[in-house]
Amino acid sequence: MGTPRESRTDQAAEVVDRLEEAYPDSTISLRYSNRLELLIAVILSAQCTDERVNTETEHLFETYDGPEDYANAPQDELAEELNSITYYNNKAKYIRSACQTIVEEHDGEVPDTMDELTDLSGVGRKTANVVLQHGHDVVEGIVVDTHVQRLSRRLGLTEEEYPEPIEQELMELVPEGYWQQFTHLCIDHGRATCTARNPDCDDCVLADICPSERGDSEIDLASGEPW
Ligand code: SF4
């Protein structure tokens, strides 16, 4: 078991420093070429890998161009386009409805406020944060996905269980200039080393400051269960 820094603020700063060194090119892995494509890719990525989403959207983005195309697409046709993605039926509904709202209420433009974004179908705070950060260069919060959730708990940054309270806590700890990058660093480390089922603590740059480190710690703080 590693020994965390004295305060959670210091722990967060140390985690950011080390992960930045380990993953200097960390960034979003979804592919898109405009804000609408970003919004659609993020909606599709819920409970689905970015890799799978990128494979599907390559063709999707060639077929549909602009919010009217999605809003006017028959449900069956759009769902069929997405059928290798988890919950594709619901996601097709969300995309059609969100695009209808974008056409009718936002002159065809993806809105740039948290409130307007979260009013769109299928868009929660996490999706809105990604679109604000990468589509509009507005950083209002920290995107808390499954990797951020798991790593923040394992590293002793939070004991909260759900994304929104975790985000609130992280916003107190992580320097504001790193809110966007913190997510990408956690995702990269979560994919490469601190995986959900079998983290490679022996080869982890955070091992000496991680209270969940498997060498001595018997508990995975992410789940609260024994390793
Ligand atoms: S891989 Fe192990 S040591 Fe590293 S952050 Fe995850 S649980 Fe902690």
Side-chain angles (χ1 to χ4, degrees), residues 1-30 41-42 45-54 86 124-127 129-130 133-134 139-227:
M1 170 176 162
T3 307
R5 292 289 184 255
E6 239 168 58
S7 71
R8 285 184 175 181
T9 312
D10 290 349
Q11 177 79 342
E14 188 65 29
V15 167
V16 168
D17 269 2
R18 292 192 191 188
L19 293 184
E20 272 218 313
E21 207 176 314
Y23 308 99
D25 302 320
S26 189
T27 188
I28 189 166
S29 55
L30 290 170
V42 184
S45 72
Q47 323 258 340
C48 190
T49 65
D50 289 357
E51 207 180 342
R52 157 86 41 204
V53 172
N54 286 338
T86 43
R125 194 175 160 89
K126 184 182 92 179
T127 299
N129 261 327
V130 179
Q133 290 181 8
H134 293 277
V139 182
E140 269 194 27
I142 296 179
V143 175
V144 177
D145 77 340
T146 180
H147 297 287
V148 175
Q149 195 170 0
R150 183 176 72 254
L151 266 72
S152 299
R153 286 176 56 83
R154 278 186 179 160
L155 289 161
L157 295 174
T158 182
E159 288 167 21
E160 297 288 351
E161 291 183 22
Y162 296 103
E164 291 202 11
I166 290 175
E167 180 187 358
Q168 294 311 315
E169 196 151 12
L170 290 175
M171 285 163 69
E172 303 280 323
L173 302 176
V174 177
E176 196 168 344
Y178 289 98
W179 284 3
Q180 180 169 327
Q181 205 54 9
F182 182 78
T183 300
H184 300 309
L185 294 170
C186 286
I187 291 173
D188 279 353
H189 195 55
R191 284 177 179 153
T193 306
C194 191
T195 52
R197 296 220 179 93
N198 194 19
D200 187 2
C201 300
D202 288 344
D203 195 26
C204 175
V205 293
L206 303 173
D208 63 306
I209 58 164
C210 176
S212 299
E213 193 267 327
R214 293 208 286 183
D216 295 315
S217 173
E218 293 183 357
I219 303 287
D220 172 8
L221 292 175
S223 64
E225 303 286 327
W227 285 113

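All figures in this text were calculated on a predicted structure; none of them were measured in a lab. Ligands are counted one by one from 1 in listed order, and the atoms in each one are counted from 1 as well.
Ring centers of His184 and His134: under 6.0 Å apart, within the cut-off.
At the shortest separation from atom 6 (Fe) of ligand 1 among protein heavy atoms lies Cys194 SG, 2.4 Å.
For a distance bound of 2.8 Å, the N, O or S atoms of Cys201 include one lying that close to atom 2 (Fe) of ligand 1. Residue contacts to atom 4 (Fe) of ligand 1: Cys204 brings an N, O or S atom closer than 2.8 Å.
Proximity of a side-chain donor or acceptor of Glu167 to a complementary backbone N or O of Val143 within less than 3.5 Å is not detected.
Close approach of ligand 1 to Pro199 (heavy-atom distance below 4.0 Å) involves ligand atoms 1 (S). For ligand 1 and Ala207, the ligand atoms under 4.0 Å from any heavy atom of the residue are 3 (S). Distances below 4.0 Å separate heavy atoms of Cys210 from the following atoms of ligand 1: 3 (S), 5 (S), 7 (S), 8 (Fe).
At least one heavy atom of Arg154 lies less than 4.0 angstrom from ligand 1.
Surrounding CD of Glu51 are at most 12 heavy atoms belonging to other residues, nucleotides or ligands under 6.0 Å away. The neighbour count for Glu159 CD, taken as heavy atoms of other residues, nucleotides or ligands under 6.0 Å away, does not exceed 12.
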Test log, rule salt bridge (Lys or Arg N to Asp or Glu O under 4.0 Å), inputs Asp50 and Arg191 = CA-CA 12 Å; Asp50 289 357; Arg191 284 177 179 153; 3.1 Å; yes
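Defined by atom type and a distance below 3.5 Å, a donor-acceptor pair is present between the side-chain atoms of Thr158 and Glu169.
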